[in-house]
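Small disclaimer: the values here were computed from a predicted structure and weren't measured. Note on naming: letters A, B, ... go to the chains in the order of the sequence lines (proteins, then strands), and numbering restarts at 1 for each one.
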Amino acid sequence: MFQSRIENDCYNEMFSKNDCIRPLYENVFHYFERLSPQTVTEYYWKAQHMLHNMGVTFTVYQESSSLERTLPFDILPRLISFDDWNVIEQGCLQRVRALNAFLYDIYHNQEILHERIVPRELVVTHQDYCWSLKGLNIPGNQYVTLAGIDIIRDPSGKYVVLEDNLRVPSGISYIFENRRLMERLFPDLCRTYPIRPILPSLSFFGRYLHSLSPRQRAHPTVVLLTPGKYNSAYYDHIFLAQQMGIPLVEGNDLLTLDNQVFMRTVHGLQKVDVIYRRIDDDFLDPLVFRPDSVLGVAGLMSAYRAGNVALANAPGTGVADDKAIYTYVPQMIRYYLNERPILDNVTTYRLDDPDECAFVLKNINQMVVKKTTGAGGYGMLIGPRATEEEIRVFSTAMMERPKDYIAQPTINFSQHPSFVDGDFEGRHIDLRPFVIGGEVVIPGGLTRVALPKGSLVVNSSQGGGSKDTWVV
Amino acid sequence: MINSRHADNLIWMSRFIERAENNARILDVNIIRPFAGEGVLWEPLVAVAGNVEDFYRHYSVADAATVFQYFTFSQMNLNSIYMCLRQARENASAVRERLPREFYEEINSFCLVVRACINKVNEKSAYAFLNLIKRRSFMLQGMIEAIMSHGEDGAFLRLGRYLERADKTARLLDVVYLQPRSDQEDFWLQVLESVSAYEAYRSIWGGQITQREVTSYLIQQAEFPRSLIFCVRQALAAARCALPNRKGVPEPICLMERLEMRLRHITVEEMENRGIHQFLLDFIVENNGVGNEINRFLFAEEEAL
């Protein structure tokens, strides 16, 4: 096992440059080294089988049939030292605090726009800027109830933020299911590390949602609004509803009367106080957003504006996780918090600046170009791996609508040994810590693995897998 | 307070588990232990778990092989064992956040196991396969009793289970009456075995096994858990716990009370005068009516407030 260890141009989480095991990983290394490839393969299949039986699957719907897939689970855990974690945790909290202040600001006095720190047109012409929220005070002034911050480790080993997910970030259930799998498969290995527990953060999440209730009641009604089983993150929804003991509802289960939201129950209508929604802004309320949406609840925004129901995350947060706005987050941290950013951004070029645009076009074969509105690993160009044709198409598009694109130098982010075809080989990984209520970060977060050799795309839609992540 | 859609999902999940088990029972007695002498009439059997017209759209003859296929894995028959389990699982998925994790794992892996059996079960392995269905169904029933809340959720599950079981016992009886050897004792022994009533019946009636006694036993014996009256009473008790009074007593409960009363007071002679077939048919229709009323109760908009 552990054959091909080191690739020089990136950071390896498990081995240092001179091919020594990092001290943190010693137990893991010795544990897996003594196993034969057959045994490890058996563990791998056992894990897949368990995921199937547990029903931890997402469904890929094609024309006529539906396929149930499991997110590939990599049995080698990723370890983060307590000190490193401290930096990540504080950095994520700081970021979410600043982003939340930014959201409050742009929906109220817009001071950051008046002071021209962030360009006004970038914000107010943004497709996700929610005009019906302007001037509205929302419960606790908390726009971002759940945030997922995507972090990578650059070749020097420094953690940097790749993007912020402030709308309906998914993947949280895999953190917990991966841990459950590891504890079942390798109880002896788990015992050798003082792993920070993760379950308490879910209790906090539940309490936090309760605290958003506009009505002061001992037991407010909190529901999770899902688009339904066809959503690829449906397992996330089930899991969270189950863990927090709240009903999982679809748009049809809710209705509004006199600016109040009700749930249809066998006892008649029950007033709903807090909605943790996992459907996008566009589909929330056909009267305000897309009129053809059948997933949402007619009148929901009106009830929200009247202060009779809390929505988490708040609508209109999408404007703050836009890839162009992302470049201003360090300025936001300085402006709102008067602090130095704990986690840096990846160097990012804005293509509406002529100099930066010219630089990017000149060096495009070393750049990653992303559409500002893209997500899920789609709508991006990875310069070093792209064909000339792709580069030509992308360059033309960039010149036509420079505001719609940003570019970043290609970063060979860190690698971690992963179980592939009977052997442990280095694969690129990222990290998505989840911040709850701007106060608590789930220790560890979701580590995603780009399973195809050399791939830098970790998204599950493009062959990504995941690992259990231990803070020790 | 449970959301109406979830209540509906719980009822149907429970119904489909029970339906799959009953299909296994019917096959067990009719296919695994084929009646000696003259052949079985297959068509009425098809009617228990499906639709004869639909059957002939897919198969040219009704015999042991085609009926077995139709009952077990056919994806054309929405009531085949496999399709029942698939639907049970779909309903379970829709209310998954209310179910204990172990329960969902059990129903999920049950469905996956049956799917893996498709095209692999033949006459020789049929017994083992049907036994597996029964056992895993028992497992789920046991879990419902042992680890699930006995409040609202449990009540909806029991409601679905007993409505379905009453329907299936009635259909089974109806089918056996049409079989050519329904006047012979060993035939009735097999009927008793198909509903696991053999020992219980013996302990009450000893050696006396006739058509009339068995029929009355399966309809009116108050302690046997698959008799019509037992099922109706259990469903009634579950409904009283599950369905709250909104404007007076809910309609499904009224219907079930009437049904229970009729089963309690009718004598075998009266049934025979009307014709057992007609009696069972009426029961099946009324029992279905209860299901429809429950649906209306759960989703009636005007009563919601």
Taking distance alone, no hydrogens or angles, what donor-acceptor pairs closer than 3.5 Å link side-chain atoms of residues 44-53 of chain A to residues at least two apart or in another chain?
| residue | atom | partner | partner atom | Å |
| --- | --- | --- | --- | --- |
| Gln48(A) | OE1 | Thr70(A) | OG1 | 2.8 |
| His49(A) | NE2 | Asn53(A) | ND2 | 3.3 |

Gap separating the CD atom of Gln270(A) from the CD1 atom of Ile2(B), nearest 0.5 angstrom = 11.5 Å
Where on Met263(A) is there a heavy atom nearer than 4.5 Å to chain B: the side chain, the backbone, both, or neither?
-> side chain
Against chain A, label Glu90(B) side chain, backbone, both or neither, depending on which of its atoms sit under 4.5 Å from a heavy atom there.
-> side chain
Can you name the side-chain hydrogen bond (donor to acceptor under 3.5 Å, both in side chains) partners of Tyr208(A), sequence neighbours left out?
-> none
Just wondering, are more than 12 heavy atoms of other shown residues or ligands nearer than 6.0 Å to CG in Asn119(B)?
-> no
With a 4.5 angstrom heavy-atom cut-off, could you sort out which part of Phe110(B) is near chain A: side chain, backbone, both or neither?
-> neither
If you count heavy-atom pairs under 4.5 Å between each of Glu250(A), Met244(A), His237(A) and chain B, which one has the most?
-> Glu250(A)
If you count heavy-atom pairs under 4.5 Å between each of Glu102(B), Arg101(B), Glu105(B) and chain A, which one has the most?
-> Arg101(B)
Contact winner vs chain A - Asn108(B), Ile107(B), Leu112(B), heavy-atom pairs under 4.5 Å = Asn108(B)
For atom CG of Asp258(A), decide whether the heavy atoms of other residues, nucleotides or ligands shown that lie under 6.0 angstrom number more than 12.
-> no
Polar side-chain atom of Arg5(B) near backbone of Val249(A) as donor-acceptor pair, under 3.5 Å | no
To the nearest 0.5 Å, what is the distance between CD (Glu97(B)) and CD1 (Ile246(A))?
-> 8.5 Å
Is it true that atom CZ of Arg115(B) has more than 12 heavy atoms of other residues, nucleotides or ligands lying nearer than 6.0 Å?
-> no
Pairwise distance CZ(Arg96(B)) to CG(Leu248(A)) - rounded to 0.5 angstrom = 10.5 Å
Identify which part of Leu298(B) has an atom lying under 4.5 Å from any heavy atom of chain A, answering side chain, backbone, both or neither.
-> side chain
Is chain A contacted by the side chain of Leu99(B), its backbone, both, or neither, given a heavy-atom distance below 4.5 Å?
-> backbone
Counting only heavy atoms not in Met139(B), do more than 12 sit closer than 6.0 Å to its CE atom?
-> no
Side chain to side chain donor-acceptor pair (under 3.5 Å): which pairs involve residues 149-163 of chain B, sequence neighbours left out?
-> His267(A)-Glu152(B), Arg98(B)-Asp153(B), Gln141(B)-Arg161(B), Glu145(B)-Arg161(B)
How would you list, in number order, the residues of residues 176-185 of chain A that have a heavy atom less than 4.5 Å from chain B?
-> Glu177(A), Arg180(A), Arg184(A)
What are the two closest non-hydrogen atoms of Val266(A) and Phe297(B), and how far apart are they?
-> O-CE2, 4.0 Å
